[in-house]
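Notes follow the structure.
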Amino acid sequence: MSQINVTRSSMPYYEEYCEEIKDLWDSRWLTNNGSKHNDLQHKLEAYLDVPHVTLFTNGHLALETIIAAYEFPQGSEVITTPYTFVSTTNAISRNGLVPVFCDVNDHDYTIDVSKIESLITEKTVAIVPVHVYGNLCDVEVIDAIAKKRGLKVIYDAAHAFAVKYKGVSSANFGDASMFSFHATKVFHTIEGGAVCFKDAGIVEKLNALKNFGIDSPETCAYIGGNAKMSEFQAAMGICNLRHLSGEIEKRKKVVEHYRERLLGIEGIRLSVIQKNVESNYAYFPVVFDGYKYDRDKVFAKLSEHNITARKYFYPLTNSFECYKNCETANVEQTPVAKYIADRVLTLPLYADLAPEDVDRICDIILN
Ligand SMILES: *Cc1c(COP(=O)(O)O)cnc(C)c1O
């Protein structure tokens, strides 16, 4: 039987990409704010309906850099969740800040907003919540808590490109949002990422920070790194953006097919459909909770049939070896996240996944 991977990158037409990169052979301008980069930036500002977008070479450095831009005192605490890709926790820690892990809720797996306030101390400076699978965090409550307590909110929105809440783009919540444009994401630039924000006051600083801290031809104001997006990445983004709404529409069909087959099966829990949220259908998580086979057995069975599902997110980031000396990292303090991480599997999902393949996957799961 043919191999089915958990994801498959969207690609524009080959000729379309070649056409898009053609000018680069004349301009010989390959990176550092070239015309493709600037074009994509403006297209994304319009598409995401947000005043400022700064492009990066990947999502991780976008997140690490926006956190750095706020210059929080070393050792300050940042409230976040362990139910995420390790990038989120690493971006906080690599800035010399302490991740304080809040549990997630058990219906959409985003931060449990009822537990945030009890974790705030005099050292807390920010909240870094994670939108997961195309579900959004409770942005209204988070933004209200942050305003009341004087905290910054920086969303890890890697999973939430093109998602809307009450018609408003996910890029507009909190102080800033990071998007990942990695090849496996709904919208991609091969590798890439962006930070979206409203405050015009940080534009120049972010642009400097991703270019070694250089703020003018002969001055370097910050100790920055290098995280710039190249012209070839931007060209891929320009092409992919043209096809995005069609791709999301196809993903929606795949998800609807899965839901038809798996909804209401005893021991199989599907993620809720959030009210007022227009999803991007980024992932299809299934929680095996009291099902006749446990998660690992289903995973192994699918593998035997050349189908790769993904234990995502598992393990929790607060259980990783690299955080063994971090006093705040303890899975016992985030029991819901642990419960879900031990039972979740994301099933193959991409725009061109055929209905027959969805049926094949479901047949194996349902046996
Ligand atoms: C993909 C992802 C990242 C990292 O983005 P890259 O572009 O791969 O660097 C961070 N957080 C989450 C939740 C992600 O899914």
Side-chain angles (χ1 to χ4, degrees), residues 6-10 40 44 53-68 78-95 99 101-102 104 108-111 126-137 153-163 170-171 173-174 176-196 209-210 225-230 232-234 236-237 240 251 271 279-285 310-318 320 322-323 334 337 340-341 344 346 349-350:
V6 69
T7 188
R8 189 165 178 266
S9 297
S10 302
L40 179 62
L44 290 177
V53 171
T54 304
L55 300 176
F56 284 81
T57 194
N58 59 55
H60 176 81
L61 285 171
L63 185 59
E64 201 171 300
T65 308
I66 180 64
I67 294 172
V78 175
I79 296 171
T80 187
T81 56
Y83 194 71
T84 183
F85 186 51
V86 72
S87 167
T88 321
T89 312
N90 289 0
I92 295 166
S93 300
R94 286 168 60 85
N95 271 298
F101 296 95
C102 184
V104 299
D108 61 28
Y109 322 129
T110 62
I111 192 165
I127 309 174
V128 176
V130 185
H131 301 307
V132 292
Y133 304 135
N135 289 335
L136 292 185
C137 300
V153 179
I154 304 161
Y155 284 100
D156 180 332
H159 288 193
F161 190 84
V163 179
S170 60
F173 300 106
S177 292
M178 174 280 284
F179 292 97
S180 164
F181 304 151
H182 183 257
T184 55
K185 303 299 204 281
V186 173
F187 166 76
H188 78 87
T189 60
I190 308 169
E191 290 269 3
V195 178
C196 299
L209 280 171
K210 69 177 177 185
N226 178 8
K228 303 183 300 290
M229 178 181 279
S230 78
F232 288 82
Q233 291 170 286
M236 181 60 91
N240 281 335
R251 284 176 168 273
S271 166
S279 181
N280 60 1
Y281 306 95
Y283 299 87
F284 191 73
R310 188 172 174 198
K311 298 177 194 178
Y312 189 65
F313 297 106
Y314 170 88
L316 296 178
T317 70
N318 55 358
F320 281 124
C322 59
Y323 290 108
T334 55
I340 301 300
V344 73
T346 56
L349 172 56
Y350 43 87

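Both counts, for ligands and for their atoms, begin at 1 and track the order of listing.
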Side chain to side chain donor-acceptor pair (under 3.5 Å) assessment of Ser10 paired with Asn240: CA-CA 8 Å; Ser10 302; Asn240 281 335; 5.9 Å; no
Atom 5 (O) of ligand 1 - nearest protein heavy atom and its distance: Ser180 OG, 3.2 Å
Intermediate values then yes/no, side chain to side chain contact (heavy atoms under 4.5 Å, CB included), Cys196 and Phe179: CA-CA 8 Å; Cys196 299; Phe179 292 97; 3.6 Å; yes
Heavy-atom nearest neighbour in the protein, as seen from atom 9 (O) of ligand 1, with distance rounded to 0.1 Å: His60 N, 2.8 Å
Heavy-atom nearest neighbour in the protein, as seen from atom 4 (C) of ligand 1, with distance rounded to 0.1 Å: Ser87 OG, 3.7 Å
Phe181 ring center near Phe161 ring center (under 6.0 Å): yes
Heteroatom proximity flag, Tyr312 to ligand 1, N/O under 3.5 Å: yes
Polar atom proximity, His159 to ligand 1 (N or O, under 3.5 Å): yes
Proximity flag Glu191 to ligand 1, non-hydrogen atoms under 4.0 Å: no
Nearest-neighbour protein heavy atom for atom 3 (C) of ligand 1, which is reported as residue plus atom name and distance: Phe85 CD2, 3.7 Å
Geometric N/O contact Asp156 with ligand 1, under 3.5 angstrom: yes
Exercise: do Asn318 and Thr334 side chains pair donor with acceptor under 3.5 Å: yes
Centroid-centroid under 6.0 Å between Phe313 and His159 rings: yes
Ala91 heavy atom under 4.0 Å from ligand 1: no
Nearest protein heavy atom with distance in Å, relative to atom 2 (C) of ligand 1: Lys185 NZ, 3.0 Å
Nearest protein heavy atom with distance in Å, relative to atom 12 (C) of ligand 1: Ala158 CB, 3.4 Å
Short side-chain to backbone donor-acceptor contact, Ser177 and Tyr155, under 3.5 Å: no
